[in-house]
S.K.: 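Below is one structure. I have some questions about it.
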Amino acid sequence: MKIDAIDLRILEAIQENGRITKLALAEKAGLSPTPCWLRLRKLEKAGIVSGYHARVAVRRVAPVASVMMEVTLANHRQADFDRFERAVTATPEIVACWSVGGGVDYILKIMAADIDAYQRLVDSLLDRELGIERYFTYIVTKTVKEETVLPLATLLPASE
């Protein structure tokens with residue numbers, strides 16, 4: 001699907017405020033409400049808008065440990081990657097996982113109640129024999145930047 005300048009304004013607006021009213025969205029997009037709403041529905045049906053979420057400030061509710069973890073698998077067959085990725089997908093504490101090129105196979109972002117809970121999670125992953133050869137742990141001591149709004153204007157130059 002081709003994205004034009006109006007679609008880009010719609011996407012930017014809903015990223016900043018997923019609860020924006022139809023009228024306010026139309027104003028930001030420079031359209032009347034009905035055509036704007038139809039465009040939004042088209043973006044949703046195309047899978048470009050994949051959902052609406054609330055950002056929760058979890059540290060205001062409870063202390064948590066944020067951990068980044070590098071994982072290298074012992075073997076690199078597709079079945080090994082698939083087995084590991086299924087386990088990651090089924091583990092709620094693993095909130096993000098990226099398959100990467102370079103010296104490691106995966107980088108995981110893990111949210112645990114504390115470091116002991118993180119270690120129990122790691123022990124559980126190792127006990128399941130998922131093919132983890134080596135892992136490195138990085139405890140997040142301070143979040144400097146964690147954006148959920150993508151810089152669409154620089155990533156998707158609008159064509160009119």
S.K.: According to a 4.5 Å side-chain heavy-atom criterion applied to Ile, Leu, Val, Met, Phe, Trp and Tyr, with indirect links allowed, do Trp98 and Leu73 form part of one hydrophobic cluster?
M.R.: no

S.K.: Nearest 0.5 Å, please: how far is CG in Asn17 from NZ in Lys28?
M.R.: 8.0 Å

S.K.: Does Phe81 have any ring pair (Phe, Tyr, Trp, His ring centres under 6.0 Å) partners at least two apart in sequence or in another chain, and if so, which?
M.R.: His76

S.K.: Between Asn75 and Arg77 (side chain of the first, backbone of the second, donor and acceptor by atom type, cut-off under 3.5 Å), is there such a pair?
M.R.: no

S.K.: Please find the pair of heavy atoms, one from Pro35 and one from Ser32, that lie closest to each other, and give the distance.
M.R.: CD-OG, 3.0 Å

S.K.: Hydrophobic clusters here meaning ILVMFWY residues chained together by side-chain heavy-atom distances under 4.5 Å, can you tell me if Ile6 and Leu43 are in one?
M.R.: yes

S.K.: Counting C-beta onward and ignoring hydrogens, is there a side-chain heavy-atom pair between Glu12 and Val149 closer than 4.5 Å?
M.R.: no

S.K.: Looking at Gly47, is its backbone amide N or carbonyl O close enough to the side chain of Ser50 to form a donor-acceptor pair, meaning the two atoms are under 3.5 Å apart?
M.R.: no

S.K.: Do Arg120 and Asp123 sit within salt-bridge range, that is, some charged N less than 4.0 Å from a carboxylate O?
M.R.: no

S.K.: Sequence neighbours left out, what passes side-chain contact (heavy atoms from CB on, under 4.5 Å) with Val104? Give chain and number order.
M.R.: Glu70, Thr72, Val100, Ile107

S.K.: Looking at residues at least two apart in the chain, or sitting in another chain, which of them share a ring pair (Phe, Tyr, Trp, His ring centres under 6.0 Å) with Tyr118?
M.R.: none

S.K.: Using only atom types and a distance under 3.5 Å, with no angle test, would you say the side chain of Gln15 pairs donor to acceptor with the backbone of Leu150?
M.R.: yes

S.K.: To the nearest 0.5 Å, tell me how far Arg83 CZ sits from Glu129 CD.
M.R.: 9.0 Å

S.K.: Would you compute the distance between atom CE of Met68 and atom CD1 of Ile110 and round it to the nearest 0.5 angstrom?
M.R.: 9.0 Å

S.K.: Are any side-chain N or O atoms of Thr91 and backbone N or O atoms of Ala87, one a donor and one an acceptor, separated by less than 3.5 Å?
M.R.: yes

S.K.: When you look at Arg59 and Ser66, which way does the side chain to side chain donor-acceptor pair (under 3.5 Å) test go after all the steps?
M.R.: CA-CA 10 Å; Arg59 285 186 175 83; Ser66 299; 2.7 Å; yes

S.K.: Would you call Leu108 and Val88 a side-chain contact if the rule is heavy atoms closer than 4.5 Å?
M.R.: yes

S.K.: What about Ile20 and Ile48, same hydrophobic cluster or not, with Ile/Leu/Val/Met/Phe/Trp/Tyr joined at side-chain heavy-atom distances under 4.5 Å?
M.R.: yes

S.K.: Does Val61 belong to the same Ile/Leu/Val/Met/Phe/Trp/Tyr cluster as Val95, with side-chain heavy atoms less than 4.5 Å apart forming each link?
M.R.: no

S.K.: For the CD atom of Glu44 and the NZ atom of Lys42, what is their distance to the nearest 0.5 Å?
M.R.: 13.5 Å

S.K.: Shortest non-hydrogen contact from Leu25 to Ala13?
M.R.: CD1-CB, 3.6 Å

S.K.: Less than 4.5 Å apart, any side-chain heavy atom of Leu152 and any of Leu11?
M.R.: yes

S.K.: Would you say Ile94 ends up clustered with Ile115 if hydrophobic residues are merged whenever their side chains have heavy atoms under 4.5 Å apart, either directly or through other cluster members?
M.R.: yes

S.K.: Any side-chain to backbone donor/acceptor pair from Thr21 onto Ala24? Under 3.5 Å, distance only.
M.R.: yes

S.K.: Find the distance between SG (Cys97) and CD (Glu85) and round it off to the nearest 0.5 Å.
M.R.: 6.5 Å

S.K.: Testing the basics here: between Ile10 and Ala29, what is the closest heavy-atom pair and its distance to 0.1 Å?
M.R.: CG1-CB, 3.6 Å

S.K.: Would you find more than 12 non-hydrogen atoms of other residues, nucleotides or ligands less than 6.0 Å from Glu133 atom CD?
M.R.: yes

S.K.: Under the criterion side-chain contact (heavy atoms from CB on, under 4.5 Å), I'd like the reasoning laid out for Asp114 against Gln119: C-alpha separation, chi angles, the key distance, then a yes or no.
M.R.: CA-CA 9 Å; Asp114 54 34; Gln119 189 58 56; over 6 Å; no

S.K.: Step by step, work out the side-chain contact (heavy atoms from CB on, under 4.5 Å) result for Phe136 and Val71.
M.R.: CA-CA 7 Å; Phe136 293 96; Val71 174; over 6 Å; no

S.K.: When Met111 is tested against each of Val140, Val58, Val67 for side-chain contact (heavy atoms from CB on, under 4.5 Å), which residue passes?
M.R.: Val58

S.K.: Rounded at 0.5 Å granularity, tell me how far CG in Leu125 sits from CD in Glu93.
M.R.: 9.0 Å

